[in-house]
Amino acid sequence: MKSKQNNERKTTTGGTIITVVLLIICILWILPTVGIFVTSFRTADAASSTGWWKFFSTLRDFSLDNYNQVLFGQRYNVGNMEGTKVIRGATMASAFLSSITVTIPAVIIPIFIAAAAAFGFAWLNFKGRNVLFAIIIALLVVPLQISLIPILKDYQKLGLNGSYLGIWLAHAGFGLPLATYMMFNYISSIPRSILESSFIDGASHFTTFIRLILPLSVPAIASFAIFQFIWVWNDMLVALVFLSGKQNFEVVTVRLMNMAGTRGTDWHLLTAGAFVSMILPLGVFLGLQKFFVKGLLAGSVKG
């Protein structure tokens with residue numbers, strides 16, 4: 001009896017310790033985000049002179065000016081012989097449209113290519129299937145940075161540099177290995193009897209793929225769509241390499257970098273821009289979250 005009570009006491013104590021540790025980790029994880037959020041409502045002078053926690057001692061430096069400049073264009077003082085005047089820079093509206101133009105095709109293109117490839121690797125027998133699949137998996141560990149310069153040289157020869165088509169193909173190529181792997185895990189877990197019933201009814205491989213595999217693979221598609229959307233939306237490196245030099249094509253991340261300045265003197269604008277730019281990815285995640293865990297766990301349990 002005492003042994004049972006001791007075990008229960010140890011279990012309770014262990015659970016309490018784990019809860020406290022997890023709570024501390026969550027606080028440490030959330031604290032920087034709280035600091036960024038508070039700083040986004042502070043004036044430039046207050047943000048550069050005192051810590052964000054000073055905001056709670058006095059609310060006099062509360063301001064919406066950071067969001068005003070991020071959404072409606074940064075203000076610049078321009079001087080001439082007649083004096084100085086204030087002008088507005090580029091707004092975030094065009095950057096949002098550019099990011100949406102880049103992101104949506106960059107998500108859709110690899111999904112359909114990877115789904116078709118995963119269906120072939122999972123259910124079709126052809127020579128070299130295992131070797132090709134191993135090569136695709138090996139591409140997951142290839143660093144993105146080492147492929148940018150060779151692709152950029154090829155784009156210059158083909159006239160694709162500085163175009164949406166070029167960055168669509170780049171993002172699609174970088175996302176295909178992960179998409180194929182995730183889709184393969186899910187499609188290979190579909191019962192074979194379902195596909196055999198389709199073939200008995202006279203359906204071709206293409207018809208089976210379009211009418212059967214794709215609808216059943218929605219959880220895996222949604223999981224990859226979340227990863228790809230967030231990665232492409234938050235990307236700055238690929239956008240700088242393949243869309244550099246064209247202000248009309250600037251995505252959200254590049255526009256925020258330009259707002260902060262080359263020396264980072266206006267870094268306080270990044271705090272407001274961070275929360276403005278996360279609205280759409282957060283909406284995508286919340287809209288597809290019910291498929292997220294199901295798609296990630298696809299293929300993890302067999303039989």
Side-chain angles (χ1 to χ4, degrees), residues 70 74 89-118 131-183 221 224-267 269-270 273-274 276-278 280-281 284:
V70 167
Q74 190 176 6
T91 66
M92 286 293 292
S94 59
F96 264 96
L97 292 177
S98 182
S99 288
I100 293 173
T101 305
V102 169
T103 304
I104 293 179
V107 172
I108 295 176
I109 293 174
I111 283 177
F112 284 102
I113 297 176
V131 175
L132 289 176
F133 187 72
I135 293 174
I136 292 176
I137 299 304
L139 291 175
L140 288 170
V141 300
V142 176
L144 166 65
Q145 292 78 6
I146 68 173
S147 60
L148 292 179
I149 301 303
I151 294 176
L152 182 61
K153 291 181 178 180
D154 292 335
Y155 276 9
Q156 290 175 343
K157 295 177 182 179
L158 297 173
L160 293 177
N161 191 32
S163 65
Y164 282 128
L165 178 58
I167 197 170
W168 291 342
L169 295 177
H171 279 303
F174 297 144
L176 272 175
L178 177 61
T180 303
Y181 178 70
M182 292 181 64
M183 296 294 294
I221 292 174
F224 173 75
I226 292 173
F227 280 120
Q228 183 75 347
F229 189 96
I230 294 176
W231 180 64
V232 175
W233 184 269
N234 293 329
D235 168 74
M236 186 174 68
L237 177 62
V238 178
L240 277 175
V241 172
F242 297 115
L243 292 179
S244 59
K246 294 189 176 182
Q247 186 175 4
N248 294 334
F249 287 177
E250 282 185 354
V251 296
V252 170
T253 52
V254 176
R255 181 66 54 81
L256 290 176
M257 180 194 68
N258 292 335
M259 283 185 175
T262 55
R263 298 179 183 273
T265 54
D266 295 328
W267 65 270
L269 296 179
L270 291 179
V276 171
S277 63
M278 69 183 290
L280 188 57
V284 171

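All residue numbers in this chain count up from 1 along the given sequence.
When all heavy atoms are compared, the tightest approach of F224 to M182 is N-CE, 3.9 Å. Among all heavy-atom pairs drawn from I136 and P177, the shortest one is O-CB, 3.6 Å. In terms of heavy atoms, P281 sits closest to S277 at CD-O, 3.3 Å. Here the shortest heavy-atom pairing between A179 and P110 reads CB-O, 4.3 Å. Shown here for A239 and V251, the closest heavy-atom pair between the two residues is CB-CG2, 3.7 Å. Of all the heavy atoms in W168 and A106, the pair that sits closest is CD1-N, 4.4 Å.
Tested against L178, the residues I137, L139, L140 include a single side-chain contact (heavy atoms from CB on, under 4.5 Å) partner, L140.
Using a 4.5 Å heavy-atom threshold, the side chains of L243 and V102 count as touching. Between Q145 and L237 the shortest side-chain heavy-atom distance falls below 4.5 Å. Counting only heavy atoms from C-beta outward, the side chains of M257 and L240 approach each other to under 4.5 Å.
Note that CD of E250 and CG of L256 are 10.0 Å apart. Values are rounded to the nearest 0.5 Å.
Qualifying side chain to side chain donor-acceptor pair (under 3.5 Å) partners for T253, counting only residues two or more places apart in sequence or in other chains: none. Considering only residues two or more places apart in sequence or on other chains, I151 meets the side chain to side chain contact (heavy atoms under 4.5 Å, CB included) condition with S147, Y155, F174, F242. Remark: V284 engages F229, L288 in a side chain to side chain contact (heavy atoms under 4.5 Å, CB included) (not counting sequence neighbours). In terms of the side chain to side chain contact (heavy atoms under 4.5 Å, CB included) criterion, residue partners of A118 (sequence neighbours excluded) are, by chain and number, M183, F184, I187. The side chain to side chain contact (heavy atoms under 4.5 Å, CB included) test applied to L97 returns no partner, not counting sequence neighbours.
Residues in residues 95-117 take part in these ring-ring contact (aromatic ring centres under 6.0 Å, His included) pairs, two or more places apart or across chains: F96-W233. Applying the side-chain hydrogen bond (donor to acceptor under 3.5 Å, both in side chains) test to pairs two or more places apart or on separate chains, those with a residue in residues 98-116 are S98-Y164.
Although no hydrogens or angles enter the test, the distance criterion places a donor-acceptor pair under 3.5 Å between the side chain of N234 and the main chain of I230. Not one N or O on the side chain of Q156 forms a donor-acceptor pair closer than 3.5 Å with the backbone of N161.
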Given side chain to side chain contact (heavy atoms under 4.5 Å, CB included), test I111 with Q228 step by step and report yes or no. CA-CA 10 Å; I111 283 177; Q228 183 75 347; over 6 Å; no
